[in-house]
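Heads up, the thing below is written out as structure tokens.
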Amino acid sequence: MCVLRDAFDFESPSDVAELIAAENLEAALALHLYRGGRLLQGHGIPFGVIFGGTDLNEDANHKEKNEVMGKVLEEARFAVAFTEAMKDTAQMQWPHATGKIFVQSQGIATIPNVNFNWNTFLQQSEIDQNADNLYVFLVICGLRPVKDPLYLVDAFSEWHQEEPNVYMLIVGPEVDPAFTREVKDRVRRAAGVRLIREMCQEDLHAVVKSCFALVNSSVSEGMSAAILEAMDLEVPVLARNIPGNSAVVEHGVTGLLFTTPQEFIQLAKRLVSDPVLEKEIVTNGREYVRTYHSWQVERDTYQRLIGKLEASLED
């Protein structure tokens, strides 16, 4: 039996201790070394951890968080990184963890809602469906600074004023209240940009499948599931050129990488005007995901790793 809980539901390890006792839990797997792993320390049950991009790109630069994560790794039976580069970064930060870090990319399975009504969604989002050749660019992210959803807003708004048939949609949960207010204020004043509250996965996959392109403008990423899901759904990807994104997006092959808002607009215009390029990127992206991000392979890896936790129970 598996109990799935959000780390944000717990304020301290003692809250987790109560959960362990109430559910009679025997082992645990935490997503995010700092956010989830620190809650599992000292309970006596074997556990593993999965690195998130925030762990290695942000939290590791904070002395106190870095020390906490190092202690979590001492206690963890294993840790999983999505890429070899993430593994290398982790081993440089915490050399004592060498030998217990495994690489497993995210497995992808998409389940778009077949009953989702795209036209109704556009109407509710106040997007002009009558515009000739409508192009919707989709940004999926939690509203927090590291995801930088405002990075392209001004440049995109200028483009929309030139060409009213292009729109940008930002979809995601309100993670950081203060930053969410800033995002809402900026989007309210930006022509052609809309902010949509978070959606269930099936509806979100339907939106991805119906949009023109998926956009990622994060400051840092571990491995963006949204990028991989867009590839699986045969939608072209435009991503900010950062290590986490360039690890899965090969420029001009499986997607397009940009380094400035101006370059994003140039590439977006090129994609709109070049259906041959769009088709090539979509075909290559789908093939890449199906080759390197199999959910069956991911499942087998985690079954093997959970076996390590079971073995430690028997010791």
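The figures here come from the full heavy-atom set of this structure, side chains too, leaving out hydrogens, waters and symmetry mates. Quick note: residue numbers are just sequence positions, from 1.
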Sequence neighbours left out, cut at 3.5 Å: what donor-acceptor pairs do the side chains of residues 247-258 make with other protein atoms?
unit_1, atom_1, unit_2, atom_2, d
H251, ND1, L257, N, 2.9
T254, OG1, E250, N, 2.8

[X] versus [Y]: any side-chain heavy-atom pair under 4.5 Å?
X	Y	result
R286	M231	no
Y302	V80	yes
V136	V166	no
F102	K308	yes
R194	M168	no
S105	M223	yes
V16	I20	yes
L238	L214	no

In the single-linkage hydrophobic clustering (I, L, V, M, F, W, Y; side-chain heavy atoms under 4.5 Å), do [X] and [Y] co-cluster?
X	Y	value
F264	V235	no
I281	V276	no
L309	L4	no
V215	M199	no

Identify every side-chain donor-acceptor pair in residues 38-52 under 3.5 Å, counting partners at least two apart or on other chains, and give the distances.
unit_1, atom_1, unit_2, atom_2, d
R38, NE, Y34, O, 3.0
H43, NE2, P13, O, 3.2
H43, NE2, L39, O, 2.9

As an exercise, state the distance from [atom1] of [X] to [atom2] of [Y], rounded to the nearest 0.5 Å.
X	Y	atom1	atom2	result
E202	F116	CD	CZ	11.5 Å
M92	T98	CE	OG1	11.0 Å
E298	W295	CD	CH2	10.0 Å
N117	L122	CG	CG	9.0 Å
L228	I108	CG	CD1	4.5 Å
W94	M69	CH2	CE	4.0 Å

Exercise: identify the closest heavy-atom pair between [X] and [Y]:
X	Y	answer
A81	I101	CB-CG2, 4.2 Å
N245	S224	OD1-CB, 4.4 Å
I227	A239	CD1-CB, 4.0 Å
N113	N115	OD1-N, 2.9 Å
F82	G222	CD1-C, 4.4 Å
S218	N216	N-OD1, 3.1 Å

Under 3.5 Å, which donor-acceptor pairs do the side chains of residues 138-154 form with other protein atoms, sequence neighbours left out?
unit_1, atom_1, unit_2, atom_2, d
K147, NZ, E221, OE1, 3.2
K147, NZ, E221, OE2, 3.1
D148, OD2, R240, NH1, 2.8
Y151, OH, T259, O, 3.0

Report the residues that fulfil ring pair (Phe, Tyr, Trp, His ring centres under 6.0 Å) with [X], sequence neighbours left out, ordered by chain and then residue number.
X	value
Y288	Y292, H293
F156	F137, W159
W118	F121

For the pair V219 and I242, evaluate side chain to side chain contact (heavy atoms under 4.5 Å, CB included) and give the outcome as yes or no after the intermediate values. CA-CA 7 Å; V219 174; I242 55 173; over 6 Å; no
Salt bridge (Lys or Arg N to Asp or Glu O under 4.0 Å) contacts in which one or both residues fall within residues 203-220, not counting sequence neighbours: none
How would you list, by chain and number, every residue that makes a side-chain contact (heavy atoms from CB on, under 4.5 Å) with Q201, sequence neighbours excluded? I111, H205, E229
Counterpart residues, side-chain contact (heavy atoms from CB on, under 4.5 Å), relative to Q303 (two or more places apart): R299, D300
Test I196 against I170 for side chain to side chain contact (heavy atoms under 4.5 Å, CB included), laying out the working first. CA-CA 6 Å; I196 310 295; I170 302 170; over 6 Å; no
salt_bridge(E162, K269) N-O dist < 4.0 Å: yes
Considering only NZ, NE, NH1 and NH2 on the basic side and carboxylate oxygens on the acidic side, decide whether K63 and E67 come within less than 4.0 Å. yes
Check salt bridge (Lys or Arg N to Asp or Glu O under 4.0 Å) between R290 and all other residues, then give those that pass, not counting sequence neighbours. D232
Show me the side-chain donor-acceptor pairs of residues 186-193 shorter than 3.5 Å, one per line, residues at least two apart or across chains.
unit_1, atom_1, unit_2, atom_2, d
R189, NE, D185, O, 3.4
R189, NH2, D185, OD2, 3.0

Less than 3.5 Å apart, any donor N or O on the side chain of S220 or E58 sitting next to an acceptor on the other? yes
Taking atom types as modelled and ignoring hydrogens, do the side chains of N165 and N133 form a donor-acceptor contact shorter than 3.5 angstrom? no
Here the side-chain hydrogen bond (donor to acceptor under 3.5 Å, both in side chains) pairs for residues 80-93, sequence neighbours left out, are N66-Q93
